[in-house]
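In what follows, a single structure is set out as structure tokens and then discussed.
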Amino acid sequence: MRTYISPTSILANDEMTYYLMNEDDALKEMSKLIREANEIINLSSTTIVRLLLHHFNWDINTLTDRYWEDSDRLFRKLNIPNPNSSPSSIDYNPLSPPSNIEQNPLSPTSSNSKLVTCKTCYVDKSFNEFFSLPCHHQHCLTCWEFYLESAITSDSNIQKISCPSRCNQIMNDEQIYKLLSNNERIKKRYQHILINTFIETNRLTRWCPGNSCSTIVKIKTYLPNTAQMIACDECKTVFCFHCSKQWHEPVQCTLLTKWEKKNRDESMTSEWIVANTKDCPHCHSSIEKNGGCNHMTCRKPGCVYEFCWLCLGPWKDHASRQCNVYEEGSSSKNQLSARENLARYMHYFTRYQTHNQSLELESKHSNQVEQRIQEMQAEAMSFTEQQAIYKAFDVLQQCRRTLKYTYAFAYYLYRNNQAEVFEQNQADLERATEALSGFLEQDIDSDKNNSLKLMDKTRYCDQRRKTLLDHCKEGYTEHYWAGLDTY
Ligand SMILES: [Zn+2]
Ligand SMILES: [Zn+2]
Ligand SMILES: [Zn+2]
Ligand SMILES: [Zn+2]
Ligand SMILES: [Zn+2]
Ligand SMILES: [Zn+2]
């Protein structure tokens with residue numbers, strides 16, 4: 001188990017600790033909770049304790065409260081036979097030889113070779129090849145294994161397995177594991193089902209959403225409706241614990257859901273605008289975008305016009321333009337026509353989408369550069385220079401991700417003085433990010449000067465990002481953000 005301090009959470013300002021675990025850690029964690037709960041309620045079957053904990057989302061306090069209130073009612077509700085009223089399960093040796101099997105009249109009478117017919121498969125077998133639960137329904141070991149295998153493979157969510165004679169007697173997990181001791185595959189599968197349910201029903205745990213990543217996150221305290229940043233060190237995914245989506249600061253989970261729904265609803269109208277080709281505003285030849293940087297230069301000989309991919313304005317005086325701000329017409333906001341509403345939405349959506357594309361392109365570029373550096377001769381680039389490049393790509397990606405979500409934030413934001421400060425911060429971060437991205441698109445070499453410049457640009461970008469996010473956080477606390485009505 002590895003411990004981390006969560007660097008950011010949108011609502012809570014206190015540092016939140018989280019752990020990264022694998023399945024084995026999770027299994028230990030699950031057993032520990034079962035043990036702790038059973039120290040209080042003291043049942044003979046830990047499997048029943050597991051079922052009770054599962055019902056209460058692994059919250060021991062709620063379980064024990066309800067249990068002491070009325071345990072009978074609780075067992076009835078969960079359709080579990082009350083273990084306190086069936087004494088046969090106590091002191092029961094799960095794999096003891098059967099005691100009351102009808103003797104097969106055709107079998108030899110010699111006592112140590114007595115054969116018994118299994119009532120399920122009608123095969124004659126010796127005593128020690130049978131097993132029964134406290135309900136005394138005998139089945140041969142082969143039939144048990146077959147029964148368990150089909151129960152476990154047919155229900156990918158199975159939580160309890162009862163006696164095959166349909167008598168409601170619940171099997172203990174230890175009995176299941178023992179009966180499957182020759183079937184490692186099904187045993188592992190059952191264990192995985194239990195761990196998976198444990199993680200998905202426990203409010204404190206979650207799978208890493210990264211592609212085929214099997215890392216598990218556990219947070220220290222549960223805070224409802226609070227976005228919390230988790231960085232998986234296995235697959236490098238940075239995500240929100242609360243909603244499992246890509247980390248989305250400064251937007252809150254509920255607003256992000258609303259924004260994504262809006263994007264789905266508008267997807268027909270927005271398709272045309274996020275195309276990868278646009279016409280050069282100067283010579284009208286078609287230009288394809290294949291890098292993350294939004295500072296474009298037309299490649300047509302004789303044109304070489306430099307412009308901004310987002311607003312198509314000239315790059316020359318781009319710093320003085322408010323590329324990120326939507327200029328509304330003279331009509332006030334709530335009187336915008338449908339056409340203006342769409343234009344306003346498209347302004348934000350295009351930028352949201354373009355930063356996302358840049359994020360993907362730059363992540364690919366980053367991998368290529370990393371590979372090229374590894375192929376270089378050791379003397380071609382110093383360790384410090386290498387680290388400067390890795391750090392720059394890391395900061396660039398954080399800035400892109402932040403910029404992407406600032407456009408969802410800005411779309412819902414009502415205009416006021418603080419909103420203008422936010423837009424200024426956003427413009428500054430955007431400018432710094434494009435400068436860093438453009439710089440990284442140049443060939444990497446080991447020019448001392450370049451390395452220093454790169455570190456400068458990286459530091460500046462990082463600073464702009466922190467300034468913007470700090471202001472957003474302050475706004476949540478001080479209630480600047482009218483329009484983001486979900487907090
Ligand atoms: Zn059988
Ligand atoms: Zn039974
Ligand atoms: Zn992961
Ligand atoms: Zn979230
Ligand atoms: Zn051109
Ligand atoms: Zn622009």
Side-chain angles (χ1 to χ4, degrees), residues 6 8-12 16 98 101 104 115-132 137-150 164-165 179 206 209 217 219 223-230 237-260 278 281 289 293-296 305-327 347-348 350-351 354-355 358 401 403-405 407-409 423 426-431 433-435 437-438 484 486-487:
S6 179
T8 356
S9 71
I10 288 186
L11 287 183
M16 289 198 280
I101 298 181
N104 186 335
L115 286 184
V116 181
T117 309
C118 170
K119 284 176 185 156
T120 316
C121 63
Y122 301 105
V123 175
D124 292 341
K125 299 196 173 180
S126 67
F127 271 166
N128 53 12
E129 284 181 80
F130 282 83
F131 170 71
S132 78
H137 292 119
Q138 298 286 346
H139 304 275
C140 78
L141 294 178
T142 317
C143 284
W144 274 106
E145 190 185 326
F146 186 76
Y147 170 71
L148 289 174
E149 174 158 359
S150 78
S165 302
L179 288 164
R206 207 174 265 291
V217 188
I219 52 167
L223 296 166
N225 302 319
T226 304
Q228 183 185 349
M229 182 184 132
I230 308 286
T237 301
V238 182
F239 65 99
C240 169
F241 181 84
H242 189 253
C243 68
S244 280
K245 290 175 188 159
Q246 181 182 54
W247 180 237
H248 49 72
E249 197 179 10
V251 176
Q252 295 181 69
C253 308
T254 38
L255 195 76
L256 180 61
T257 309
K258 194 168 151 187
W259 170 249
E260 286 177 340
K278 285 184 185 175
K289 190 167 183 289
C293 182
N294 291 310
H295 171 189
M296 307 301 293
Y305 183 67
E306 291 180 55
F307 65 99
C308 166
W309 180 262
L310 290 168
C311 64
L312 299 177
W315 194 262
K316 190 158 43 76
D317 60 348
H318 194 255
S320 60
R321 301 164 66 93
Q322 282 248 289
C323 174
N324 60 323
V325 179
Y326 179 71
E327 293 300 340
H347 171 91
Y348 292 102
T350 317
R351 282 155 179 79
T354 305
H355 283 301
S358 294
R401 206 179 49 226
L403 278 170
K404 172 182 168 185
Y405 292 106
Y407 282 102
F409 185 93
E423 280 168 344
Q426 188 187 34
D428 287 346
L429 175 61
E430 204 155 57
R431 233 169 271 136
T433 305
E434 296 306 346
S437 174
L484 311 184
T486 49
Y487 67 93

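As the structure is a prediction and not an experimental result, all values here were calculated from the model. Along the sequence shown, residues are numbered consecutively beginning with 1. Both counts, for ligands and for their atoms, begin at 1 and track the order of listing. Scope of the values below: all heavy atoms of this structure, side chains included, with no hydrogens, waters or symmetry mates.
No side-chain N or O of S437 forms a donor-acceptor pair with one of H295 less than 3.5 Å apart. A donor-acceptor pair shorter than 3.5 Å cannot be found between the side chains of E306 and H318.
Taking 2.8 Å as the threshold, C143 counts as a candidate ligand of the Zn ion (ligand 1), since one of its N, O or S atoms lies below it. Not one N/O/S atom of H242, from backbone or side chain, sits under 2.8 Å from the Zn ion (ligand 4).
When rounded to 10 degrees, the angle formed at the Zn ion (ligand 4) by SG (C253) and NE2 (H248) equals 110°. Angle NE2(H318) to the Zn ion (ligand 6) to SG(C308): 100° [nearest 10 degrees]. Rounded to 10 degrees, the SG-metal-SG angle spanning C118 and C121 at the Zn ion (ligand 1) equals 100°.
Considering every non-hydrogen atom in both P281 and Y305, the closest pair reads CG-CE2, 3.7 Å.
To the nearest 0.5 Å, atom CH2 of residue W259 and atom NE2 of residue H248 are 14.5 Å apart.
Put simply, the side chain of T226 gets close to the backbone of P224: a donor and an acceptor are under 3.5 Å apart.
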